[in-house]
K.L.:
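Please find one structure pasted underneath; my questions will follow.
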Amino acid sequence: MYSFNALGTKDRLVAWIRDWFDKNGKGCNAVIGLSGGKDSTIMAALCVEANVGGMTTALKQMFADGKEQWGFEMSVQAEQNMPPRLRMVTLYAISQSNNGRVMGTCNLSENYIGYLTKFGDGASDVEPMANLTVTELLQIGDLMGIPAEWVHKVPTDDLPHSKTDEEKFGFTYATLDKYIRGIETPEPEIKEKIDRMHRNNLFKLQLVDTFQ
């Protein structure tokens with residue numbers, strides 16, 4: 001039967017991160033893009049917030065100027081994925097200039113349905129929370145005494161006029177997490193949606209194909 005020990009998991013997670021730095025970057029700084037949401041807040045040790053507005057504007061203008069010559073324009077998906085990718089460029093620039101390691105903030109729930117940007121928030125040097133669901137992370141955040149308005153902030157990608165994560169999914173994180181952990185199977189329509197998102201986005205988590 002499923003059970004989750006928030007205190008024990010938190011202690012093991014802290015020890016794992018400490019051990020990882022001892023082996024992979026002793027004396028390095030942890031570099032995180034702080035979004036104000038639960039994942040980056042819980043993950044935060046040393047935090048930075050990337051200012052990517054200028055680069056985003058410049059790239060949009062480049063696409064607009066080159067539309068006739070190239071024969072295509074920037075897709076909606078490319079525009080939506082640009083900010084997290086530029087943020088990651090900034091974080092790695094800071095990390096490499098400051099003896100750092102970029103801390104990943106992805107969780108199991110988002111990874112399972114592919115709700116991440118490849119080479120954006122999906123890029124990092126280490127992913128301590130990748131095997132913990134949103135439900136489990138909320139428990140850890142509460143246990144650590146992090147303000148509730150940060151831990152329980154309604155998840156959104158913060159894009160203009162965007163819906164919340166759960167509105168876009170058509171199901172809640174709680175429903176997803178119970179399915180992932182084998183606690184409860186959702187109604188058939190929701191189950192099929194979750195399974196389809198999982199199948200269609202597996203490529204984001206796998207190594208790229210190479211010629212053998």
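The first residue in the sequence is number 1, and the count goes up from there. Since the structure is predicted, the reported quantities are computational estimates derived from the model, not experimental observations.
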K.L.:
Are Glu187 and Lys193 within salt-bridge range, i.e. N to O under 4.0 Å?
P.N.:
no
K.L.:
Look at atom NZ of Lys178 and say whether more than 12 heavy atoms of other residues, nucleotides or ligands are closer to it than 6.0 Å.
P.N.:
no
K.L.:
Applying side-chain contact (heavy atoms from CB on, under 4.5 Å), run through Ile194 and Ile113 and close with a yes or a no.
P.N.:
CA-CA 7 Å; Ile194 292 173; Ile113 57 173; 4.2 Å; yes
K.L.:
With a 3.5 Å distance limit and no angle check, can you tell me whether Asn201 reaches the backbone of Met197 through a side-chain donor-acceptor pair?
P.N.:
yes
K.L.:
For Ser95 and Val102, work out which heavy atoms get closest and say how close.
P.N.:
CB-CG2, 3.8 Å
K.L.:
Give, for atom CG of Asp121 and atom OH of Tyr115, the distance between the pair rounded to the nearest 0.5 Å.
P.N.:
9.0 Å
K.L.:
Might you point out which heavy atoms bring Pro128 and Gly104 nearest each other, and give the distance in Å?
P.N.:
CD-O, 3.9 Å
K.L.:
Walk me through it: do Leu132 and Phe4 pass the test side-chain contact (heavy atoms from CB on, under 4.5 Å)?
P.N.:
CA-CA 10 Å; Leu132 294 171; Phe4 179 69; 4.0 Å; yes
K.L.:
Following the transitive rule for hydrophobic clusters with a side-chain heavy-atom cut-off under 4.5 Å over Ile, Leu, Val, Met, Phe, Trp and Tyr, establish whether Phe72 and Val76 coincide in one cluster.
P.N.:
no
K.L.:
Taking only Lys NZ, Arg NE, NH1 and NH2, and the carboxylate oxygens of Asp or Glu, determine whether Asp177 and Arg181 approach each other closer than 4.0 Å.
P.N.:
no
K.L.:
Where do Gly122 and Glu127 come nearest, in terms of heavy atoms and distance?
P.N.:
O-OE2, 4.4 Å
K.L.:
Let me check something: do Ile183 and Tyr173 share a hydrophobic cluster, defined by ILVMFWY side-chain heavy atoms less than 4.5 Å apart, either directly or through other members?
P.N.:
yes
K.L.:
If you define the side chain from C-beta out and look only at heavy atoms, does anything of Leu176 sit under 4.5 Å from Val134?
P.N.:
no
K.L.:
Assess whether side-chain contact (heavy atoms from CB on, under 4.5 Å) is satisfied between Thr133 and Tyr112, documenting all intermediate values.
P.N.:
CA-CA 10 Å; Thr133 67; Tyr112 191 85; over 6 Å; no
K.L.:
Could you tell me the separation between the NZ atom of Lys67 and the CD atom of Glu73, rounded to the nearest 0.5 Å?
P.N.:
4.0 Å
K.L.:
State, to 0.1 Å, how close Leu116 and Lys204 come at their nearest heavy-atom pair, and which atoms those are.
P.N.:
O-NZ, 3.0 Å
K.L.:
Can you find a pair of side-chain heavy atoms, one from Thr175 and one from Glu166, that are under 4.5 Å apart?
P.N.:
no
K.L.:
Of the non-hydrogen atoms in Ala93 and Ser97, which two are nearest, and what is the gap between them?
P.N.:
O-OG, 2.8 Å
K.L.:
Would you say CG of Asp209 has more than 12 non-hydrogen atoms from neighbouring residues, nucleotides or ligands within 6.0 angstrom?
P.N.:
no
K.L.:
Before giving the answer on side chain to side chain donor-acceptor pair (under 3.5 Å), spell out for Gln61 and Asp65 the whole-Å C-alpha distance, their side-chain angles and the decisive distance to 0.1 Å.
P.N.:
CA-CA 6 Å; Gln61 188 60 52; Asp65 294 343; 2.8 Å; yes
K.L.:
For Phe171 and Tyr179: C-alpha separation, side-chain torsions, deciding distance, then whether ring pair (Phe, Tyr, Trp, His ring centres under 6.0 Å) applies.
P.N.:
CA-CA 11 Å; Phe171 51 83; Tyr179 181 45; 9.4 Å; no
K.L.:
Honestly curious: do Leu13 and Leu7 fall in one hydrophobic cluster under the side-chain, below-4.5 Å linking rule?
P.N.:
no
K.L.:
Please tell me if the side chains of Val14 and Met144 come closer than 4.5 Å, counting only heavy atoms from C-beta onward.
P.N.:
no
K.L.:
Give me the one residue out of Ile140, Leu137, Asn131, Leu143 that meets side chain to side chain contact (heavy atoms under 4.5 Å, CB included) with Thr9.
P.N.:
Ile140
K.L.:
Would Val126 and Ile17 count as a side-chain contact (heavy atoms from CB on, under 4.5 Å) if you check the C-alpha gap in whole Å, the side-chain angles of each, and the deciding distance to 0.1 Å?
P.N.:
CA-CA 9 Å; Val126 60; Ile17 293 171; over 6 Å; no
K.L.:
Quick check on the hydrophobic clustering: are Trp70 and Met74 connected, directly or via other members, by side-chain heavy-atom contacts under 4.5 Å?
P.N.:
yes
K.L.:
Report the distance from atom CZ of Arg101 to atom CD of Gln96, rounding to the nearest 0.5 Å.
P.N.:
9.5 Å
K.L.:
What is the distance from atom OH of Tyr92 to atom CE of Met88, rounded to the nearest 0.5 Å?
P.N.:
6.5 Å
K.L.:
CG/Asn107 to CD/Glu136 distance, rounded to the nearest 0.5 angstrom?
P.N.:
9.5 Å
K.L.:
Should the heavy atoms of other residues, nucleotides or ligands under 6.0 Å from CD of Gln206 be counted, would the total exceed 12?
P.N.:
yes
K.L.:
Could you tell me the separation between the CG atom of Asn111 and the CG atom of Leu202, rounded to the nearest 0.5 Å?
P.N.:
10.5 Å
K.L.:
Kindly indicate whether the side chain of His198, heavy atoms from C-beta on, has any atom under 4.5 Å from the side chain of Asp195.
P.N.:
no
